[in-house]
Amino acid sequence: MNPPGLTTACAAMLRRDLTLAWRRRGDIAMPVLYALIVTMLFPFALGPEDTLLQRIAGGVVLVTVLLAMLLALDAMFSSDIEDGSLEQLVLAPQPLALMLAMKILAHWLTTALPLIVIAPLLAGMLHLPTAVMPVLVLALLLSTPMLSLLGAILVALTAGTRRSGMLLALMLLPLCVPVVIFAAGAVAASQQGLPWLTPIAWLGAALVLLLVLAPLACAAALRIALDA
Amino acid sequence: MNPPGLTTACAAMLRRDLTLAWRRRGDIAMPVLYALIVTMLFPFALGPEDTLLQRIAGGVVLVTVLLAMLLALDAMFSSDIEDGSLEQLVLAPQPLALMLAMKILAHWLTTALPLIVIAPLLAGMLHLPTAVMPVLVLALLLSTPMLSLLGAILVALTAGTRRSGMLLALMLLPLCVPVVIFAAGAVAASQQGLPWLTPIAWLGAALVLLLVLAPLACAAALRIALDA
Amino acid sequence: MTAAPTAAPNNTPLLEARALSFHRQEEPVFAALDFRLCEGELALIEGDNGSGKTTLMRILAGLLHVDEGELYWRGEPLLQRDRCIGEILFLGHQLGLKADLSPSENLRISLGLHGCREQVSIASALAEIGLSGYEDESVRRLSAGQKKRVALARLLLLPATLWLLDEPYANLDRTGIALVNRLLENHLACGGAALVASHGTVSFHGGEPQRIRMHA
Amino acid sequence: MTAAPTAAPNNTPLLEARALSFHRQEEPVFAALDFRLCEGELALIEGDNGSGKTTLMRILAGLLHVDEGELYWRGEPLLQRDRCIGEILFLGHQLGLKADLSPSENLRISLGLHGCREQVSIASALAEIGLSGYEDESVRRLSAGQKKRVALARLLLLPATLWLLDEPYANLDRTGIALVNRLLENHLACGGAALVASHGTVSFHGGEPQRIRMHA
Amino acid sequence: MNASSLQHFLAMGGYAGYLWPAYAVFFIVLLADFFAPLLRRRRLLRELRSRLARKAVRQQRQAPTPTEPA
Amino acid sequence: MMSKWIPLWLHKLGSPPTFYRFAGTLRPWMLALALLTGAIALYGGLVMAPADYQQGDAYRIIFIHVPSAWMSLFIYGVMGFAAFLALVWRIKLAEVVAMESAPIGAAFTFITLVTGSLWGKPMWGTWWTWDARLTSELVLLFLYLGVIGLYHAFEDRRQGARAAAFLALIGIINVPIVHFSVNWWNTLHQGSTIRLLGPSTIAPGMLWPLLTMMLATKFYYLASLFGRVRTDLLDLESGKDWVRTIATGSTHQ
Ligand code: HEM
Ligand SMILES: Nc1ncnc2c1ncn2[C@@H]1O[C@H](COP(=O)(O)OP(=O)(O)OP(=O)(O)O)[C@@H](O)[C@H]1O
Ligand SMILES: Nc1ncnc2c1ncn2[C@@H]1O[C@H](COP(=O)(O)OP(=O)(O)OP(=O)(O)O)[C@@H](O)[C@H]1O
Ligand SMILES: [Mg+2]
Ligand SMILES: [Mg+2]
């Protein structure tokens with residue numbers, strides 16, 4: 001009757017969330033389709049001028065991916081709150097921060113990863129040069145986990161409310177402005193043939209910091225939001 | 001003992017929805033803030049180059065307003081279905097289409113109107129020339145009701161299913177591509193000093209058509225969705 | 001309380017069902033149902049859970065479409081709903097109340113849509129239903145039975161000849177149950193009619209009600 | 001049915017409330033409530049609509065925080081919820097079912113959270129509760145009473161010592177009511193305890209239950 | 001200060017169109033900020049009074065018919 | 001634990017009815033001081049101070065722009081500090097102060113943005129550019145709004161206050177970014193010209209009205225905060241006897 005070991009618990013947590021996501025695999029496709037359609041709207045709204053589209057391709061893809069992730073973020077804890085399993089998790093004899101880190105990882109795997117996979121396609125639709133693609137993917141690989149981590153803190157904070165996704169957007173976007181700036185900076189630099197390693201390095205450093213701090217902050221936020 | 005007149009019923013309906021919106025007035029502010037923040041992201045993602053921003057301002061504002069409205073659309077009927085007040089509405093001795101038109105009007109007033117009011121501000125942040133603003137506002141005044149009306153039909157259709165905002169987005173976005181094209185066309189034409197009346201006229205004609213047809217379609221869709 | 005229905009009782013039944021049947025996913029929920037309901041009459045719909053009581057109610061209210069059989073309203077076939085709309089009041093499992101609004105606001109909306117009986121005010125209806133003091137509380141903050149009472153206040157306020165009540169007694173305490181019975185008696189005495197689905201025994205003074213049995 | 005609680009009944013009460021009081025917007029909902037519930041005992045919470053039955057239940061379930069007074073669980077102060085969690089099963093006005101999922105899927109979720117009694121399978125629980133044939137229908141498509149039965153199936157499946165049942169009889173037909181009474185009797189016979197809020201008369205064989213009266 | 005110097009002052013060296021709106025915004029926003037809580041306070045007290053009144057009504061209603069029916 | 005190092009009078013002040021009365025007596029004085037110093041500063045700034053040799057009279061926006069900008073940062077600092085107290089020691093008054101500071105801070109931030117862009121049009125030829133200081137100030141506004149929105153999203157106000165306090169603490173990194181952005185990135189916006197320590201690079205005729213206005217905004221903040229805290233305390237304690245006496249007794253007080 002001892003609580004199970006850390007690895008077991010983490011694995012169980014991760015498996016649980018991935019299974020749940022798989023059960024609703026239609027929902028995994030949604031952010032991807034959403035990003036596709038939003039990207040498609042831009043040529044219509046701006047006119048099909050190749051050089052213009054090419055110029056804005058990197059930025060638009062970044063913003064689109066961000067918005068798509070934002071929409072999916074809201075669901076990170078909501079069903080767990082509704083059915084009370086989050087309370088069970090808080091009371092489980094495991095470090096909450098670690099369990100939450102697993103949840104965030106599962107969320108990233110199911111929402112961000114598919115988006116990163118189709119990002120080159122989206123960028124291609126807007127005529128981003130192929131040479132810039134690797135930098136775009138790299139920037140996304142570093143910035144999307146940060147969005148997941150920052151988002152998790154804020155979603156946890158709103159856990160006790162009748163939430164609206166909009167409030168989440170309001171809270172998250174100021175925090176992710178720097179992330180967008182650096183990621184877009186790297187893409188733009190690479191597109192202009194300038195060195196793009198510095199912004200990528202900054203992103204990496206911030207990610208490492210967040211990987212350590214965000215789960216702890218998330219756990220603290222959750223305890224605040226759940227305990228009346 | 002006669003059922004109350006149409007005007008009374010319409011007024012009651014409109015007042016009801018506006019009161020409900022006022023009770024949750026925080027939610028009214030949210031689409032506005034969302035649009036503000038999304039607009040803000042573009043200069044970060046694309047770099048603060050004035051001419052570029054100016055070039056894309058109209059399109060970006062249109063897309064942003066569209067996305068913000070989309071997020072708010074999901075809530076149009078959901079609470080009425082959950083608590084059974086939609087059934088009561090269907091059973092009331094009043095033409096359902098008219099009552100739904102009132103609901104759509106209330107929804108437009110509470111979500112689209114605030115967006116239109118700040119649209120010039122958003123456009124100004126992206127350096128859209130002041131001369132183009134009236135055309136932008138006009139285009140929005142004509143296109144946002146269309147989004148509300150089209151959205152209402154789709155929301156009514158998905159009323160019986162387990163909806164997700166994403167599904168709605170998927171269904172609505174293809175329908176509003178023509179709206180975006182014409183609205184953006186008018187703004188772009190005015191920005192280039194070309195005559196912009198033709199696309200606006202088209203928008204107006206489509207709006208008139210939708211104003212008549214959409215409430216009827218919405219009522220039919222709702223009856224289908226409830227009849228399960 | 002004032003009389004809502006004005007027409008004097010006569011011989012043609014208010015509502016008549018002939019060989020009504022309804023299928024759900026090709027399985028019959030009920031079949032060959034016949035009944036007649038005259039003004040001043042009460043019919044109890046009885047049956048086990050899942051036997052189709054709510055389904056029948058929703059059909060009569062016009063929320064579902066009947067598969068086979070005919071419905072007559074005052075002797076005429078009920079093809080178009082607008083013939084009886086405004087004369088039927090339906091109270092289902094879902095109460096149709098907005099949690100963000102107060103009881104009086106909720107009732108005012110119903111009045112706007114359905115019109116009002118004479119000489120009944122919202123405040124007096126709420127007082128009669130046992131909710132004085134809660135007029136301006138938001139419905140979210142009411143208990144389950146109090147919510148039910150707000151919905152029942154519609155019976156007092158709105159003009160209708162036929163009441164369709166789906167489990168009106170659920171969640172009510174004893175005084176609440178007595179209240180519903182009193183409302184029903186008054187309604188029938190004034191020439192109204194009512195269909196009530198309920199599992200509890202309806203202790204009803206004034207004639208044995210008709211019973212419609214649903215077979216699951 | 002298998003016995004869930006394993007501890008033998010002893011003298012310290014399972015749950016004891018001393019001078020419990022609760023305020024809503026600074027108005028007392030109830031004050032100075034005392035009761036003790038031992039293993040094998042049933043307590044009925046009685047009171048009018050809005051007298052605070054649901055509120056008391058939610059406090060005992062740990063969903064609301066008590067203002068004043070103390071709660072003891074097996075003789076020890078109930079400050080941290082984790083002392084009794086997993087031993088309490090709460091069934092409220094909201095059934096806590098996902099409308100998109102089927103009854104068996106819903107129950108499987110509950111099992112995942114709370115663990116399972118031995119020798120009870122989901123299928124057998126659903127059969128016992130009278131829902132065989134509806135295992136894979138989506139809950140959205142069930143009648144009101146059938147939904148209630150799905151929620152009640154938890155009583156059969158999950159291990160818990162104390163049942164908190166808020167109006168368990170609402171929406172059920174007569175066989176359903178008898179079923180709940182049988183479940184209760186079995187549970188008490190096996191050393192469990194239960195608190196039941198209900199307006200109907202609980203026809204209970206096997207000892208007069210304790211009554212907790214709420215005064216509105 | 002005569003009329004022309006007042007005009008001169010108001011013109012603000014040609015920047016009146018920027019300067020005075022700025023000051024107007026400053027004062028309007030701060031006024032709104034200052035009076036918002038006072039209005040809210042009035043509403044709160046009114047609500048509290050009506051709540052107390054309602055509570056009195058509830059207690060009055062319960063007084064003649066005690067909760068024990070039998 | 002608290003009582004060891006918090007003096008008794010401060011502890012007593014933390015009790016809502018005491019603070020309610022304390023704030024009630026102090027508030028008119030703060031308001032009077034704010035109006036007085038504000039009037040002096042306005043006279044000094046608009047009438048006495050000479051026109052700038054470069055900017056002409058447009059520079060006079062400085063007398064509201066800069067104090068407001070300082071206040072927007074200062075109030076965030078106060079809010080962060082109160083939020084910290086609220087989270088660690090769960091002091092009710094600290095929660096209230098943090099939450100009621102947010103709207104005032106948001107108001108000053110808004111003023112800064114509007115006056116800044118009204119100043120920017122004649123000076124830089126544009127209402128708005130996306131430079132570091134302007135952007136970070138805009139982000140500051142969003143942070144304030146996020147705090148306010150989160151606070152109101154909760155049914156339980158104290159829980160909402162704690163959650164919003166947490167958000168306020170996360171967002172505090174933005175304050176140094178706003179302040180130092182002009183040093184870290186080269187921007188259109190002017191660098192620091194006024195230093196409290198060391199010589200300022202601004203004419204004394206312009207400096208004294210600026211500092212007086214800064215004083216006025218500080219007084220105003222206290223006056224507004226006291227009014228807001230009083231209202232909030234009434235709301236939070238609405239069932240307590242002292243509030244009931246206020247409600248049923250004299251309506252004005
Ligand atoms: C929307 C546009 C603007 C915004 C958001 C803005 C924001 C700010 C902020 C936040 C500060 C305070 C910084 C601190 O205390 O660390 C500040 C100070 C200041 N601003 Fe602006 N500003 C804007 C436009 C302008 C313009 C157009 C001018 C003049 C050409 C200007 C001149 C100043 C000056 C002189 C200071 C005082 C600097 C010091 O001595 O510390 N600002 N502004
Ligand atoms: N969420 C809430 N917020 C504020 N007040 C509430 C809330 N829920 C209930 N109340 C009030 O608390 C009191 C007790 O409500 P409760 O739901 O406990 O009653 P109950 O005994 O369960 O009644 P019923 O038999 O109708 O279910 C009622 O007066 C009600 O108005
Ligand atoms: N929306 C629906 N879609 C498909 N089937 C449904 C739906 N609602 C109910 N059913 C099925 O129709 C049958 C009759 O349901 P109905 O709700 O009419 O029963 P009821 O007599 O009202 O039962 P209860 O006493 O439990 O309220 C049940 O078998 C139920 O499973
Ligand atoms: Mg039913
Ligand atoms: Mg209850």
- Might you point out which heavy atoms bring A:Ala184 and B:Ala45 nearest each other, and give the distance in Å? CB-O, 3.2 Å
- Query: What part of A:Leu66 lies closer than 4.5 angstrom to a heavy atom of chain B: side chain, backbone, both or neither?
  - Reply: side chain
- Item | chain B contact residues among residues 49-59 of chain A, heavy-atom distance under 4.5 Å | A:Glu49, A:Leu52, A:Arg55, A:Ile56, A:Gly59
- Message: Can you tell me how far apart CG (A:Leu70) and CD1 (B:Ile37) are? Round to the nearest 0.5 Å.
- Response: 9.0 Å
- Message: For the interface with chain B, which of A:Leu41, A:Val38, A:Leu62 has the highest count of heavy-atom pairs at distances below 4.5 Å?
- Response: A:Leu41
- Answer with side chain, backbone, both or neither: which region of B:Ala183 has an atom nearer than 4.5 Å to a non-hydrogen atom of chain A? neither
- Item | Engaged part of A:Val187 at the chain B interface, taking heavy atoms whose separation is under 4.5 Å | neither
- By a 4.5 Å heavy-atom criterion (distance strictly below it), what part of B:Pro43 contacts chain A: side chain, backbone, both, or neither? neither
